[in-house]
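Quick note on labels: first sequence line is chain A, next is B, and so on, each numbered from 1.
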Amino acid sequence: MPRRRKNEANEHLIRVGNRVISLEGYLTKKPRNEDPVPEGNRQVEQVVASHSQPDGFKTERDSESPSSAKPPTGDPQYFATRQALPLWAHQEAIRRLLRQNDVVVLVGETGSGKSTQVPQFLYQEKWCQRRRVNLKVAGSTQEASVGGMIAITQPRRVAATTLAHRVSREAGTPLSGGEGNSTSKGSPTKGLVGYSVRFDHRVPSGTRLKYLTEGMLLQELLRDPHLRQYSAIIVDEIHERSVDVDLLSGFLKQIISGDKAGRGGIPLKVIIMSATANVNTIKAFFSDGASEPKDSVAFLQVEGRQFPVDIAHTPKPVPDIQESLLKTIFKLHTEESLSDKHGRKDILAFLTGQEEIESAQRLIEEHASTLDPKLPKVKVFPLFGQLSMEAQHDAFQPIKGGFTRKIVLATNIAETSVTVPGVRYVIDCGKSKVKQFRPRLGMESLLAMPISKSSAIQRAGRAGREGPGKCFRLYTEETYETLETMDLPEILRTDVLSAVLTMKARGIDDVLDFPLMDRPEIESVENALVQLHILGAIADDGSITDMGRKMVSFPVAPRYARVLLAAADAKYDCLLEVIDIISCVTSGEDIFLQLRSEEAREEVKEARGELFRREGDLLTYLTTMQRYTAENSDRLRWCKERKINIRNMKRALNIRKQLRGLCVRQGMMEQPDEDPQPFVPVSPEKASIILKCFLRGFTLKSAILAPDRSYVTSQGKHVVAIHPSSVLHGQKKEAIMFLEHVFTVKNYAKKVSAIQAAWIPEALGQGE
DNA sequence: GAGCACTGC
């Protein structure tokens with residue numbers, strides 16, 4: 001039983017289980033006058049530093065007084081809130097900048113209102129009107145309309161839909177209808193604002209402002225390379241630097257620096273919005289080499305609405321993060337009030353992953369039970385992506401019972417994706433897990449790495465959303481200074497296979513020449529080209545094949561698209577089954593919830609048993625989808641009994657519906673019968689065909705059992721182990737195929753199937 | 001015996 005020894009000589013000693021931890025010396029901040037740099041809010045420092053602009057950029061910071069700004073249009077009930085936003089005072093400056101420039105970079109910190117207000121400031125501008133133009137197409141002239149809409153891109157679906165709802169309410173033209181899966185392109189109601197994300201499109205007639213995900217605009221680019229329906233593209237949250245936003249930036253740069261003939265001479269305005277002040281790479285990218293003079297890229301910075309956050313570093317490097325975390329939490333908890341005039345004063349700690357979070361939770365709960373009963377209670381909420389929706393939701397709810405402090409232990413999900421209310425203290429362990437692709441090994445690694453300064457500032461900022469806050473970094477100031485300024489953009493961390501095919505399909509012949517803010521190593525691009533050639537997506541001369549074009553039309557990674565096309569081939573003829581499997585594997589981390597205890601495993605053993613197939617994970621997914629869709633009474637209960645992730649399963653069903661629709665439209669299959677269909681298990685013969693079909697996309701993602709009973713991969717000849725999440729874990733088959741290959745504590749193959757060794761050369765010999 | 005976070009007509 002953990003117990004705090006109150007009468008021990010050292011009051012700061014606490015005992016948790018068999019660990020003794022000293023609180024002494026912790027969080028005792030250095031006196032101010034010893035600090036070479038005041039320990040104030042680093043975000044402010046960062047902002048001030050970036051005010052000095054390099055030559056060649058027009059900088060517009062100070063602007064008109066609020067009184068000169070136009071009165072708001074739209075619903076009067078939102079006027080006061082909108083006028084109070086920091087951005088409001090800059091609206092004339094923003095309009096003027098866009099009249100004078102085609103590209104504007106706008107830095108606005110969290111809470112400035114840029115995502116909601118900038119589009120509303122601009123859509124009534126003259127340059128934003130739709131116009132009829134004459135286009136020269138293949139020698140002849142044809143009339144077309146250009147412009148009229150503004151697109152606002154977001155990295156996440158929820159951001160796009162919630163912003164659209166918010167802005168449509170402000171504009172007084174609410175997006176009607178229920179939430180959910182309306183896939184209809186338009187709606188009879190007229191409205192100013194619409195949105196478009198996968199599985200959910202709401203674009204009323206008359207839409208001028210369209211919020212969409214970055215991936216969705218890339219899809220539109222495939223049909224409309226000149227983005228003719230838009231007068232402007234607003235790229236929001238560019239600092240997150242997803243692969244999609246990097247590709248999008250490249251295409252936008254080509255459009256704005258091209259001859260504009262495809263738009264009838266009408267320029268496309270581009271507004272780049274970032275929450276991070278460090279935008280030199282982005283500004284340089286859009287100004288460098290443009291046909292317009294350099295000063296056509298304008299820059300504006302707007303202050304955020306953020307309370308000051310006091311930042312403390314540890315005086316010495318901490319040997320044990322868990323120990324240090326525990327000390328910090330309980331020091332805070334016992335010394336700081338539960339709330340003040342700004343509201344609750346809860347704690348948010350950033351840790352690296354689920355395992356670290358769960359062990360920290362145990363330690364905190366053990367220690368909390370030994371506290372003086374007169375002290376406030378604590379309640380711990382874990383927060384990471386694989387948690388169920390309800391469990392995630394708990395972390396956002398105000399706590400029940402006034403005498404309790406909320407402690408949220410989160411991964412970097414809380415850095416960008418979600419906001420936890422009530423947080424005034426942030427504890428930052430200084431690390432996060434990062435997935436990195438190793439092109440030479442053809443595999444990924446997932447390891448905890450030091451975060452960037454930008455990330456550390458972002459984490460600290462989470463303490464100042466509702467009132468003045470404090471951030472405790474569990475690392476020294478010297479360590480902070482050694483951190484990289486920015487995170488490595490995703491395009492330098494992932495397999496560029498998909499990105500290269502995206503470029504090829506959009507007419508980029510020389511992908512090495514495509515403008516990118518950060519270029520992947522040539523080796524990565526070459527590796528991707530070789531892999532695409534093996535898949536039959538590009539020809540010997542590097543041009544995209546018909547196969548490649550068909551692959552791009554599916555919203556799945558190229559290898560999966562290749563498997564879908566193979567499945568439609570009469571030789572395999574298993575498209576419905578393959579769609580079911582791909583829907584499951586691309587719906588999220590895993591549709592099977594992980595079971596921690598032996599009891600929990602025993603509990604679902606029987607219910608899950610009917611799903612498991614000896615051929616491996618892919619056939620198990622197929623059985624699961626088939627049984628799930630055959631279930632007609634209570635699918636929710638069905639999932640709960642088998643401990644299946646309902647969110648991922650619903651998502652899988654959406655993907656299945658979308659893929660089925662696409663395949664029918666492309667003439668790859670007949671309209672399938674409606675669910676529910678009676679469950680019929682696939683025969684072992686059919687199972688072999690399905691696996692051979694997958695091998696067309698994953699030929700080199702295979703391994704053969706060596707004489708020493710280890711699996712040796714076809715590509716690179718590495719030893720690989722079957723991941724514990726696989727139904728084949730611990731089993732020895734003559735050969736395996738896997739969809740993922742990740743190094744964590746060792747080389748793991750995930751989503752594994754048993755195959756015959758002879759199938760591998762067979763699949764290799766079938767290249768188109 | 002183990003799982004950072006997103007996303008696609």
Should the ring pair A:Phe698 and A:Tyr560 be called parallel, tilted or perpendicular, given that the plane angle runs from 0 to 90° and is split at 30 and 60? tilted

Do A:Val552 and A:Arg506 make a side-chain contact, defined as non-hydrogen atoms from C-beta onward lying under 4.5 Å apart? yes

Starting at CZ of A:Arg665 and ending at P of B:dC9, how long is that distance when rounded to a whole Å? 10 Å

Minimum heavy-atom distance A:Val496-A:Ser524, with the two atoms named: CG2-O, 3.6 Å

Can you see which heavy atom on A:Ser324 is nearest to which on A:Leu474, and at what distance? OG-CD2, 3.5 Å

How would you list, by chain and number, every residue that makes a ring-ring contact (aromatic ring centres under 6.0 Å, His included) with A:Phe738, sequence neighbours excluded? A:His741

Take nucleotides 1-8 of chain B nucleotide by nucleotide from the 5' end and write B, S or -, depending on whether a protein heavy atom sits under 4.0 Å from the base, only from the sugar-phosphate, or from neither. BSBBBSSB

Once you apply a heavy-atom cut-off of 4.0 Å, does A:Leu222 come out as touching a base, just sugar-phosphate, or nothing? base

